[in-house]
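Notes follow the structure.
When a residue number appears, it is its place in the shown sequence, counting from 1.
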Amino acid sequence: MALTTSPRYIAGHKDAQRSAESLFESQSVVQIREVYRTYPVCAVEPPCEPRLPCRVGQVETKARNDIEDKKHQLRQLVGGSYRDLIDSADTILSMTTCCQAAVSQVHGIQNDFNQLSESIRKVSKATGHRVQSGSQREQLFAVGSRVKYLVDTSELLWGCLDTQAYLEAAHRYLRASEVHRILMGTAASSMGRFPLLRHQWPSIAAFKSQVLEGVQHRLKTHTHLDAQAAASALAASCFLDYLSSAQALALFLDCCRHRAIQPLAAATKAGLSQPALQELLTKLAATVQEVVIQVGQIFLAPVAAVGVPLLLKQASDDSSSSELLFSPLPGQERSQEADAWQAVRRSTLEGLQPLSQPDASSACTSWLGRLAKDIQKHCCPGPMAACASPPDFASLEAHLQSAISHWQPPSQPPAQESRPLVATPRPAPLTPSPRPLTPLGQSPFETVETGQSGVPDSWEGVCDWVLGKRLDLWQELFETPFLKRAQALIQASFQGVSQDFTAPLQACLKAAQQAPPAPPGGYYAPQWPEQGSLGTSPQLGSISRHAGATSRSYKMRKRARLGRGDAEGSKEGLGWRGLLEGVGQQVNSQLMQALEGSQRLLGQRPQNSTNDTTDDYSGSSSSQDYRGLSPLHRAGELQPFIQEQCSEAVQAMAEQLQAQLLQLGQPAMDLQGAQLVEQALLLGRLSRIVGSNAPALGLILGPPEAWGRPEGATLAAQRPPLRPSALEHKSSVKSHGAALHQDLQQKLRNVTMSAYEVWAGWVGRGLCMELQAALHSDAALTSSTPLQAWEETIIAQEDGMEEGGGEMRFRLPAAPSPGPLLFLLAACREVARAGGHTTGAVAVQLLEWELGNAALEAFRCTHSFLSHRLATLHQKLC
């Protein structure tokens with residue numbers, strides 16, 4: 001054991017292992033075996049001799065394993081190489097082809113260089129032609145530099161269009177046009193060497209239309225375009241189309257008209273809310289005001305400042321003329337392109353001189369007229385429909401007029417900077433300190449401060465500078481659309497009155513159809529007077545009822561009503577008669593509300609006469625301290641229109657009543673006829689209430705000056721209805737409202753008369769038959785002996801011509817006959833059916849006429865009957 005662990009043994013073992021490994025790496029196993037067979041036995045230490053065959057076996061095993069691993073790695077390497085070779089075969093062939101082509105091209109280049117060197121050698125030999133060769137190179141350089149300028153123009157123009165630098169694009173295009181013209185006229189023979197220019201120049205020439213379209217698009221669509229940018233765009237159009245200042249002004253105004261109307265036209269297709277409409281019109285007004293001031297800045301000379309208009313200033317700017325300093329072409333002593341460009345500039349600038357104020361004023365006035373027609377076309381009835389009520393209308397009008405009056409010219413922004421559109425009105429100061437307006441005969445800038453640019457700082461000063469006169473922008477642009485919208489609102493409000501009248505009318509007719517039918521003379525009034533009847537004080541009715549509540553007749557009538565099922569003092573007991581008061585109040589209230597809304601549309605602050613709980617005509621926004629700024633002519637147009645619409649609404653109600661009356665027809669002498677009579681009385685009384693008991697109707701059709709006065713409604717309520725006799729004595733010269741009121745009164749009176757004629761004729765026919773039957777059954781009329789109940793009556797007569805007098809003696813019954821008394825009582829009941837004490841005198845007169853005819857007819861029939869009876873009796877006696 002000591003021997004195996006000795007250092008000597010360990011070192012020898014390691015050396016033997018290394019020798020065995022090197023032996024197996026250099027020789028095969030067979031060779032090693034042969035060597036060991038023939039190798040002489042050396043002196044080996046005893047411990048090492050038995051271990052040598054075992055180590056040889058281990059080395060052999062390891063060598064075999066390594067050999068197998070190497071074989072496996074070799075097979076993988078060969079297989080991968082074959083795969084790579086197969087995959088790259090096509091690539092190798094393609095590379096071979098490309099290399100061959102490159103080699104052939106290189107050979108061609110070498111041949112070309114050889115030919116070039118030979119030509120150079122030939123030229124160098126001709127020493128006499130050296131000067132001529134130099135001049136040709138200079139000419140070629142001159143032509144090439146111009147060709148390069150033209151070729152680069154396309155890319156530069158695209159860049160200018162992208163950045164909206166239209167003036168720079170116009171300058172570059174015109175300079176390129178002059179370069180191309182001179183080049184083609186001078187060096188056309190050298191252009192064969194530059195075929196690219198021949199193909200590219202048509203595309204460069206097409207940029208002119210693109211620049212012009214870009215200018216118009218920017219002027220039409222950009223709402224934040226300042227005067228400097230607008231002048232630059234207009235200068236580009238002037239250079240390209242050779243426009244004068246007047247033509248440029250026409251182009252500018254036409255584009256601005258499109259820019260102002262475009263949002264309004266877009267809003268016509270889509271609905272707007274009231275705030276959106278307010279913002280839209282405010283921006284439109286601000287746009288128009290800015291256009292007017294930009295006309296002065298671009299085309300007119302500044303005021304109180306030394307300078308030129310912006311259009312001429314932008315057109316005079318020429319910072320890129322040095323790029324035209326080319327080498328002279330053959331036959332030229334100096335370059336002609338710069339001179340040609342300066343000639344174009346001078347020709348254009350000659351037509352861009354500042355305009356006179358009359359020319360600018362005429363163009364702006366004509367433009368404002370066309371713009372007003374466009375606004376009227378697109379506003380009515382499109383976006384203006386957002387004003388659905390008079391308060392919205394008044395609020396929009398006040399805001400827009402305030403924005404116009406408080407508008408201020410925008411400050412001049414730095415170059416190439418956009419500014420927001422001034423659309424929000426400047427708030428009024430808390431302490432008013434108004435600036436006095438400058439008279440038209442003086443200069444508007446003596447009291448108006450101007451900036452360094454010479455632009456006035458107020459709308460009045462801008463108008464005096466550009467237009468030479470003060471301009472009411474509201475009156476010019478917005479008055480007509482607002483007038484039409486006001487007329488539409490007025491028409492809708494009064495149409496609503498007539499439309500809302502249909503429902504209560506049908507309800508009253510239904511109640512009249514359901515009322516208990518009563519024959520002629522058989523109607524019993526539920527109470528006297530009718531509760532809340534128009535024309536009678538409620539206090540008087542309550543006092544009358546209280547005074548008669550303890551009477552015996554009242555108690556008897558009450559028991560009779562309770563027996564019939566009528567309710568004392570209730571709307572159900574009155575039936576349709578209890579609904580008339582509400583219908584009349586509804587019509588009167590709606591007319592007053594329509595008048596109040598119309599006053600807001602006139603620009604006047606509505607004032608209510610009373611604060612009645614039953615007739616509350618004040619709107620929800622009546623407390624607003626709004627004082628209209630509308631011109632007087634709008635009130636002059638709307639006041640007759642209000643009266644006409646009111647007249648048409650009431651005429652529509654009268655036509656409804658007349659149509660319902662015609663549908664009733666002639667009532668028969670039965671219970672169904674009694675129901676028709678009730679409906680006819682309803683229509684007659686409604687017609688009378690609308691015509692005579694509606695204070696609002698008289699107020700609206702009266703003088704417009706009384707609409708806003710507190711006593712206007714009181715005077716209209718106290719005004720009596722017009723009678724035919726009064727109408728005949730009226731003056732032939734009448735106001736428009738008075739004539740309409742007269743026609744309405746006559747129409748409603750005709751409806752009332754027709755309704756009462758139906759009732760009176762039906763009553764007359766019925767009572768005539770009852771009176772005739774009563775007279776036929778009266779025994780006193782057929783008695784042949786003197787009646788004891790008749791007493792002799794003596795009436796003394798005095799004759800002024802004689803001293804004495806005489807006596808008149810005749811016999812009268814002690815009491816009237818029952819038939820006539822019943823006839824008169826039935827007449828009184830019919831008066832109660834028609835309305836009692838509220839029945840008009842016309843209705844009573846019609847009833848009197850029909851009853852008189854009925855009495856005469858009954859007496860005639862009775863006389864004929866009695867005569868025939870006496871004649872028959874006389875024949876029997878004889």
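- When all heavy atoms are compared, the tightest approach of F641 to Q487 is CE2-O, 3.3 Å.
- The shortest non-hydrogen separation linking L219 to A233 is CD2-CB, 4.3 Å.
- A donor-acceptor distance shorter than 3.5 angstrom exists from the side chain of R485 to the backbone of C387, with no hydrogens or angles considered.
- With hydrogens and angles disregarded, no donor-acceptor distance shorter than 3.5 Å links the side chain of R470 to the backbone of D464.
- Residue L280 comes nearest to P263 through the heavy atom pair CD1-CB, 3.6 Å, listed as atom of the first residue, atom of the second, then distance.
- Side-chain contact between I642 and W707: present, with at least one pair of heavy atoms (C-beta onward) separated by less than 4.5 Å.
- Looking at Q353, its side chain does come within 3.5 Å of a backbone N or O of L349 through a donor-acceptor pair.
- Between the side chain of S366 and the main chain of S362, no donor-acceptor pair closer than 3.5 Å is present.
- Residues T153 and R172 have side chains that bring a donor and an acceptor to within less than 3.5 angstrom of each other.
- Ring pair W201/H180 is parallel by interplanar angle, where below 30° counts as parallel and above 60° as perpendicular.
- With rounding to the nearest 0.5 angstrom, the CD atom of Q376 is 5.5 Å from the OG1 atom of T480.
- Contact check for C379 versus F478: no side-chain heavy atoms found under the 4.5 Å cut-off.
- No side-chain heavy atom of R600 sits under 4.5 Å from any side-chain heavy atom of F393.
- Side-chain contact between W474 and F482: present, with at least one pair of heavy atoms (C-beta onward) separated by less than 4.5 Å.
- Side-chain atoms of T282 come within 3.5 Å of backbone N or O of Q278 as a donor-acceptor pair.
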What do the steps show when you test T365 against K469 for side chain to side chain contact (heavy atoms under 4.5 Å, CB included), and what is the final call? CA-CA 11 Å; T365 303; K469 60 182 179 180; 4.3 Å; yes

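- Partners of E644 by side chain to side chain donor-acceptor pair (under 3.5 Å), not counting sequence neighbours, listed by chain and number: H736.
- A donor-acceptor contact shorter than 3.5 Å links the side chain of H406 to the backbone of S402.
- A search for side chain to side chain contact (heavy atoms under 4.5 Å, CB included) contacts involving E178 returns R181, A340, V344, not counting sequence neighbours.
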Test L471 against L368 for side chain to side chain contact (heavy atoms under 4.5 Å, CB included), laying out the working first. CA-CA 11 Å; L471 176 66; L368 288 172; 3.4 Å; yes

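- Here NE2 of H258 is found 9.0 Å from OG1 of T221. Values are rounded to the nearest 0.5 Å.
- Using a 4.5 Å cut-off on side-chain heavy atoms (C-beta onward), L174 and T348 make no contact.
- Within 6.0 Å of the NZ atom in K220, the count of heavy atoms belonging to other residues, nucleotides or ligands exceeds 12.
- Using cut-offs of 30° and 60° for the angle between ring planes, the F252 and F299 rings count as tilted.
- Residues V466 and Q357 share a closest heavy-atom pair of O-CG, 3.6 Å.
- Taking every heavy atom of both residues into account, A363 and L249 meet most closely at CB-CD2, 3.6 Å.
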Between R259 and L225, is a side chain to side chain contact (heavy atoms under 4.5 Å, CB included) present by the stated rule, with each step listed? CA-CA 11 Å; R259 183 179 65 191; L225 194 64; 4.0 Å; yes

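- In this structure, E648 and F494 have side chains that are not in contact, with every pair of non-hydrogen atoms separated by 4.5 Å or more.
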Step by step, would you call K283 with E279 a salt bridge (charged side-chain N to carboxylate O under 4.0 Å, His left out)? CA-CA 6 Å; K283 288 184 178 180; E279 181 181 1; 3.2 Å; yes

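- In this structure, CD1 on I490 lies 4.5 Å from CG on L638, to the nearest 0.5 angstrom.
- Shortest non-hydrogen contact noted between L467 and S361 is O-OG, 2.8 Å.
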Check the pair S154, F207 against side chain to side chain contact (heavy atoms under 4.5 Å, CB included), reporting the backbone distance first and the verdict last. CA-CA 8 Å; S154 178; F207 275 99; 3.8 Å; yes

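- Using a 4.5 Å cut-off on side-chain heavy atoms (C-beta onward), V295 and W465 make no contact.
- Note that CD1 of I298 is 11.0 Å distant from CD1 of I293, once rounded to the nearest 0.5 Å.
- We find the CD-OG distance between Q491 and S598 to be 11.5 Å, quoted to the nearest 0.5 Å.
- Judged purely by atom type and a 3.5 angstrom limit, S395 has no side-chain atom pairing as donor or acceptor with the backbone of P391.
- For the pair E290 and C256, the minimum side-chain heavy-atom distance is 4.5 Å or more.
- In this structure, the separation between CD on Q289 and OG1 on T287 is 9.5 Å, given to the nearest 0.5 Å.
- Of the charged side-chain nitrogens involved, at least one lies within less than 4.0 Å of a carboxylate oxygen, so that K148 and D152 count as a salt-bridged pair.
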